[in-house]
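This is a predicted model, so every value here is computed, not measured. Values below: every heavy atom of this structure, side chains too, minus hydrogens, waters and symmetry copies. Every chain is numbered from 1, with letters handed out A, B, ... down the list of sequences.
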Number of protein chains: 2
Amino acid sequence: MKVPADTKASTTCDECPIRYRAVCARCEADELSRLEEIKFYRSFEPGQPIVWGGDRMDFVASVVSGVATLTQTLEDGRTQMVGLLLPSDFLGRPGRDRAAYDAVAISRVVLCCFRRKPFDDMMTAMPHLSQRLLEMTLDELDAAREWMLLLGRKTAREKIASFIAIVARREASLQESKPGGQMTIELPLTREAMADYLGLTLETVSRQISALKREGVIELQGKRGVLLPDFERLVGESGDDSDGGWIA
Amino acid sequence: MKVPADTKASTTCDECPIRYRAVCARCEADELSRLEEIKFYRSFEPGQPIVWGGDRMDFVASVVSGVATLTQTLEDGRTQMVGLLLPSDFLGRPGRDRAAYDAVAISRVVLCCFRRKPFDDMMTAMPHLSQRLLEMTLDELDAAREWMLLLGRKTAREKIASFIAIVARREASLQESKPGGQMTIELPLTREAMADYLGLTLETVSRQISALKREGVIELQGKRGVLLPDFERLVGESGDDSDGGWIA
DNA sequence: CGCATGGTTGAAGGTTCTCAACCCTCGTGG
DNA sequence: CCACGAGGGTTGAGAACCTTCAACCATGCG
């Protein structure tokens, strides 16, 4: 097992790829420099745990690059993903010194970390920080509620279609474009991780993907690549009304 | 159908039952009086809608008394509860002028409402307000994630046991006591609403409650009353490890 | 090469849903 | 007064969907 590579802060906030989307998005130059003093980078290899639920966690962090998951596990081993952390997402909770969930790196992940205590102090001193965190937390809550609808009421087929549509929307938004028509995407998760996300078994995930392929809703390019001949048709399979994204 | 009884602000914040738990919990006397200027009360009868998802919503509010639900509906009518609003909980999102979900009064509900625009302004001017809202939102996010585990991975029996345990914990906390041993509780929801909460059909809810009764895990007192001979035994049926409440 | 990891597919079985009948309570109006 | 209907709840039978268990395939790496 490779050990975490704790690296020096090698990047300045000015040239940070998540400068305008992370917790620090609203900070002015002077506020940013105070954050810069307490920040440090850590990176994790694919499959490597970032923290275990219940463990002491003396930092909070922004995801700079890569994908990580937040999962919960029942005593008999059943696991459910409860969060998917993408670049600019925030990990940890101010004022709490223990991790609530298991966090695992899916791809190579770089975190911009802040020691918890000084960060907590800045939270009260810098309204720009707490306002932005509130906004991000409210967005996460909305996403969690959308996810609850999926887990509680959608069929396996609808869950898969919804997941692919979510990934497609996000890839489109990264390219500042609207999803629609034909597009190609890359699934960020294995079949097993998708199953944990969707509350299914990996076999059911595999079968439903095969079914959507058989019916021409999607085409596969390798294991992870997906070609969508018609985005709207996929959305039609997801059970959502319209585009599922009326929220701003 | 009875019409909503919009009532005057008849209570001062000093004697408000949710004074130290709602969004306003951290506010000082002077801050409170500024809130008091823009607040007004509204009440809703059982079954009455508070807002429909997508509708314009020009206020945010704290639940003063009663129980309300937040639900989402798929186009074919399947519905999933995504929030359960109890006294002191917050309804609405600052900075957003449309409701994201359907909100419905379950019992008689009294809301302490604030017009959105002045409230938004106070959010930026009064850190005590936004800090408290952040804290409440983070708690809700934790609850939503617990809920996702339930929806995605628990069996019908475990879902019912979990739900009863949640209600029991809350009733205990209202009496400032710890749950345990023998206790009696009152279910706040109909079988149908429980089904919407748990991602089940109402028949399955009814059957599982009957099964728990048959096996002596619970005893029924009327439709809503439940006697728990042994709280720990119930928790053992919920699938959670230990008491499910290690978070603070 | 051999093995580990990730993925696909099949058959059988079980949990939950659907459809349906029926019960109880309570409030209302003939 | 009591019949009746509405709302909420229980229970049964059968079907559907998803899981479980198992075999097998493809890829990549030491």
Side-chain angles (χ1 to χ4, degrees), chain A residues 1-2 45-48 69 74 76-80 104 106-107 150-161 163-164 186-215 218-226 237 239, chain B residues 1-2 45-48 69 74 76-80 104 106-107 150-161 163 186-214 218-226 237 239:
Chain A
M1 174 116 107
K2 288 150 191 163
E45 297 305 311
Q48 205 184 351
T69 62
L74 258 19
D76 63 359
R78 283 172 285 173
T79 77
Q80 173 65 52
V104 177
I106 290 297
S107 60
L150 177 149
L151 290 172
R153 294 303 187 194
K154 289 189 179 176
T155 64
R157 183 186 178 90
E158 289 169 339
K159 287 178 175 181
I160 297 292
F163 175 70
I164 298 175
E186 199 73 13
L187 298 177
L189 303 178
T190 63
R191 301 290 186 260
E192 182 175 24
M194 287 176 62
D196 285 344
Y197 186 122
L198 301 171
L200 297 170
T201 59
L202 68 91
E203 294 95 328
T204 300
V205 170
S206 183
R207 274 187 252 272
Q208 295 298 334
I209 289 179
S210 298
L212 289 175
K213 182 178 74 177
R214 218 176 308 128
E215 296 166 35
I218 62 175
E219 286 169 38
L220 297 186
Q221 304 177 325
K223 307 287 185 192
R224 301 290 193 92
V226 178
E237 298 286 351
Chain B
M1 171 112 108
K2 288 147 190 165
E45 297 305 312
Q48 205 183 353
T69 62
L74 259 19
D76 62 0
R78 284 172 284 174
T79 76
Q80 173 65 50
V104 177
I106 290 297
S107 60
L150 178 149
L151 290 171
R153 293 304 186 192
K154 289 190 179 177
T155 64
R157 182 186 179 90
E158 289 169 337
K159 287 179 176 181
I160 297 292
F163 176 70
E186 199 74 13
L187 299 176
L189 303 178
T190 64
R191 303 288 186 260
E192 183 176 24
M194 287 175 61
D196 286 344
Y197 186 121
L198 301 171
L200 297 171
T201 60
L202 68 91
E203 294 96 328
T204 299
V205 170
S206 183
R207 274 188 251 272
Q208 295 298 334
I209 288 179
S210 298
L212 290 175
K213 182 178 72 177
R214 217 177 307 129
I218 63 176
E219 286 170 38
L220 298 186
Q221 305 178 325
K223 307 288 185 196
R224 300 289 192 93
V226 178
E237 298 287 351

* Asked: Is there a donor on the side chain of Arg207(A) or the base of dT20(D) sitting less than 3.5 Å from an acceptor on the other?
  -> yes
* Has the side chain of Arg157(A) got a donor or acceptor atom that lies under 3.5 Å from a matching backbone atom of Ile209(A)? -> no
* To do: Would you mind reading off the distance between Arg191(A) atom CZ and dA26(D) atom P, rounded to a whole angstrom?
  => 16 Å
* Side-chain donor/acceptor of Glu203(A) to base of dC21(D), under 3.5 Å -> yes
* To do: Could you state the atom-to-atom distance from NZ of Lys223(A) to P of dA26(D) in whole Å?
  => 9 Å
* Send over the distance from Ile160(A) CD1 to dC17(D) P, rounded to a whole Å. => 16 Å
* Could you check how far CD of Glu192(B) sits from C1' of dG9(D), rounded to whole Å? => 11 Å
* Asked: Can you find a heavy atom in the side chain of Val226(A) that is under 4.5 Å from one in the side chain of Leu220(A)?
  -> yes
* Whole-Å distance separating the CG atom of Asp76(B) from the P atom of dC17(C) -> 15 Å
* Check whether any side-chain N or O of Arg207(A) sits under 3.5 Å from a backbone N or O of Leu202(A) as a donor-acceptor pair, and report yes or no. => no
* Asked: Are the side chain of Ser210(B) and the backbone N or O of Ser206(B) linked by a donor-acceptor pair below 3.5 Å?
  -> yes
* Asked: Counting any heavy atom closer than 4.0 Å, what does Gly199(A) reach on the DNA or RNA strands: base, sugar-phosphate only, or nothing?
  -> sugar-phosphate
* To do: Send over the distance from Lys213(B) NZ to dG9(D) P, rounded to a whole Å.
  => 13 Å
* DNA chain C: Arg153(A) or Leu189(A), which has the more 5' nearest nucleotide? -> Leu189(A)
* dT11(D) OP1/OP2 closer than 4.0 Å to side-chain N/O of Ser210(B) -> yes
* Is the distance from OP1 or OP2 of dG6(C) to the nearest side-chain N or O of Thr190(A) less than 4.0 Å? -> no
* To do: Mind calculating the distance between CZ (Arg78(B)) and P (dC17(C)) to the nearest angstrom?
  => 12 Å
* Taking only the side-chain heavy atoms of Ser206(A) (C-beta and beyond), determine which of dT8(C), dC18(D), dG9(D) contains the nearest atom. => dT8(C)
* Asked: Within this structure, what is the CG-to-P distance between Leu202(A) and dG7(C), rounded to whole angstrom?
  -> 8 Å
* To do: Identify the heavy atoms of Pro46(B) and Ile106(B) that sit nearest to each other, and give their distance.
  => CB-O, 3.4 Å
